Structure formats: C-alpha cells, structure tokens
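All residue numbers refer to positions in the sequence shown, counting from 1. Every value quoted in this text rests on a predicted model; they were computed, and no experiment measured them.
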Amino acid sequence: MTAFGDRTYDQLQQEKRGQNTEQLERLHRDFRRNNLIVFGVPESAALQTPAALGRHLQGLLFLPTTASELSQVRSAFRLGKPKQDQSKPCAVLVELLSVAAKHMAFQASSKLRAISIRLDKDLTPQQMKQRKNMSVDFQCLKARSYKPFFRRVKLRFRNGAVIRTCAKDEANKVVAAAAQAARAAPPFARHGRPPRPCTAIVAMDPSAVLHRAGVSILDQFDGPAVAQAAQAIADGFAAYMVASNEDVQA
C-alpha cells in the first residue's frame, strides 16, 4: 500500500470523503436557511394552488400587511400526495424571503399551536437522522409529561420552569433522578400541601390552653348555645393538636 507522508492512500480518500460530506451538509443547510415546514394546514379546496396557499400562510405567520408591503412568503407547496384522512394533512414547505422573516414567523408559533398548527425548520437528511436517533428519548420524556421538543437537532424538555437539554440515551436517567428526588421529598412537598402548624404555635391558642388545664370553656360565655358551640370548636381544635403532636413525633 502506497504511503503519502504519515497517511496511506485509503486514509486520504476517507478524509476527502469526509470533507466532501461536510461541504455538502453546509450547502444543504445554506439552501434551506429561509425555509419552514408547517404542519396542520387543512387541505381545503380553497388552498389547492400554490398562490392561494402562499397568501393563506402569509396571513397565518405574519401580522396583516398593507398593500404597499411585500409578502414575506416567496413560495409554498405541499409535501407528498393529498391524503384521504383530513385529520393529518400533508405538511407545507414554505420558502421565505429572509432568515429574519423566518424568525418573525416563529414568534407566532405559540398562537398557531392553539389551532393545531406547528412550525419546524427545514432539516437536512443528516439532521433528520440525528433527530430519529433521539426518538426513544423523546417518547420516554413525553410519556412522563416532560413536554419534550427539538431545537434544531437538540432534544429539550421542561423541568418545572427550567428548559434543559437531554443527551442521547439519557432520558431514563433524567426520569430516574426525578423519581428519586420525589421519593426523598417530604409528603406535604410531594402533594402540594402546606405543613401542619408547629405544636408550639398550636399550644399558644387560648382555647387549647384552657382545655389542657381542665377548665371548661363554657364558663367564658353567657349564652348556653354560644357556649356549647365554642366548646365543640375547642374540642375539635384539641383533637387537631393531638394529631399534630403525633406527626411531629413520628
């Protein structure tokens, strides 16, 4: 085998193929930089032509424009053949005039999700393959209500108010760590209930003090009906205090 310096011919060919692959990937991304994929646009009769579809998407993705302003949508067409199942219409490839227009369109994504329309970037075959490799992690997080989503090829998920990134084959570790933290948390923290009052604070209640001292609260009121009601409240409060003592000792 012929050697070229420290590398063989096969190594040089492999490096060249790698460089060509990287260059091709950059060209693919550059070609798609102004594109969007829109999911959920109905396949109605009024949206059969590319021109009508482009006008419809201009109104969906951007604020109403005046006649003097240029539409941000250069072209739009369906991906794939029309489907009989109208609940899953074909996605729409939208070519916009600039990257800035694409960023503006993404600002309307939360509003569009309310009407079951979703936006995504026009990914290259390599990026789509990277996403597909994360599908198991995506489904694992989704099954446990973490609300996963992709930002380009990175898998993100919501952990409370914080958005985190999940690496490949790491979803099970994320779920296991969250379960362990939930088991270690106090019962009231897990169920969202506040802790019961401290026994020292409960003991400061005048009714509880009288009840512990053996003094009837009936002597503190003039009306028999009011006194009986007050006694029932004091007895219930004392029972609650006893339960609180048991919880603190446990």
Side-chain angles (χ1 to χ4, degrees), residues 14 17-43 47 53 57 60-61 73 75-96 99 101-183:
Q14 187 175 0
R17 284 194 296 268
Q19 292 173 358
N20 290 341
T21 302
E22 292 177 1
Q23 292 176 357
L24 184 62
E25 177 66 16
R26 285 196 294 269
L27 288 174
H28 276 303
R29 294 187 183 188
D30 187 63
F31 179 76
R32 290 169 164 82
R33 69 183 185 278
N34 297 343
N35 295 355
L36 278 179
I37 305 295
V38 185
F39 299 90
V41 179
E43 296 187 27
L47 301 177
L53 194 57
L57 288 167
L60 277 178
L61 301 177
V73 177
S75 64
F77 58 89
R78 297 275 180 184
L79 298 175
K81 297 180 180 179
K83 298 180 180 179
Q84 297 295 331
D85 185 8
Q86 292 298 317
S87 63
K88 294 182 179 180
C90 292
V92 180
L93 174 61
V94 184
E95 183 184 4
L96 302 174
V99 176
K102 183 174 70 173
H103 293 327
M104 290 173 57
F106 270 113
Q107 293 177 3
S109 59
S110 58
K111 177 190 70 175
L112 295 175
R113 281 196 299 269
I115 55 176
S116 302
I117 292 179
R118 183 171 60 88
L119 305 182
D120 199 359
K121 293 180 173 64
D122 186 13
L123 302 178
T124 67
Q126 181 178 335
Q127 290 174 318
M128 292 176 67
K129 183 178 180 179
Q130 290 174 325
R131 275 197 184 183
K132 188 176 181 179
N133 291 336
M134 298 288 294
S135 60
V136 175
D137 296 276
F138 183 92
Q139 293 300 330
C140 180
L141 294 172
K142 184 178 180 180
R144 289 158 179 81
S145 303
Y146 276 96
K147 298 182 179 179
F149 61 96
F150 283 103
R151 185 67 54 83
R152 292 187 180 274
V153 296
K154 291 184 178 181
L155 178 59
R156 306 286 182 90
F157 66 95
R158 297 184 184 277
N159 186 7
V162 181
I163 296 178
R164 302 186 183 278
T165 301
C166 179
K168 189 177 184 303
D169 300 328
E170 293 290 327
N172 287 327
K173 294 181 181 179
V174 170
V175 173
Q180 184 178 1
R183 286 193 298 269

Counting only heavy atoms not in N133, do more than 12 fall under 6.0 Å of its CG?
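Result for CG/N133: enclosed.
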Working to the nearest 0.5 Å, report the span between [atom1] of [X] and [atom2] of [Y].
X	Y	atom1	atom2	answer
M134	K168	CE	NZ	7.5 Å
N35	S75	CG	OG	7.5 Å
Q107	M104	CD	CE	7.0 Å
E95	F77	CD	CZ	8.0 Å
L79	F39	CG	CZ	8.0 Å

Closest approach of [X] and [Y], non-hydrogen atoms and distance?
X	Y	answer
P42	L47	O-CD1, 3.6 Å
L123	R32	O-NE, 3.3 Å
L119	F106	CB-CE2, 3.9 Å
Y146	F157	CD2-CD1, 3.7 Å
P89	R78	CB-NH1, 4.2 Å
E43	C90	OE2-N, 2.6 Å

Kindly say whether [Y] contributes a backbone atom to a donor-acceptor pair with the side chain of [X] at under 3.5 angstrom?
X	Y	result
D122	I37	no
K102	R33	yes
D137	A171	yes
R144	C140	yes

Is NZ or CZ of K121 both nearer than 6.0 Å to the six-membered ring centre of F150 and within 45° of the ring axis?
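No, a cation-pi geometry is absent between K121 and F150.
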Looking at side-chain heavy atoms only, is the closest gap between [X] and [Y] below 4.5 Å?
X	Y	value
L36	D120	no
V38	L60	no
R26	E22	yes

Option passing side-chain hydrogen bond (donor to acceptor under 3.5 Å, both in side chains) with T124 (candidates H28, K129, R29, E25)
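Among H28, K129, R29, E25, the one meeting side-chain hydrogen bond (donor to acceptor under 3.5 Å, both in side chains) with T124 is E25.
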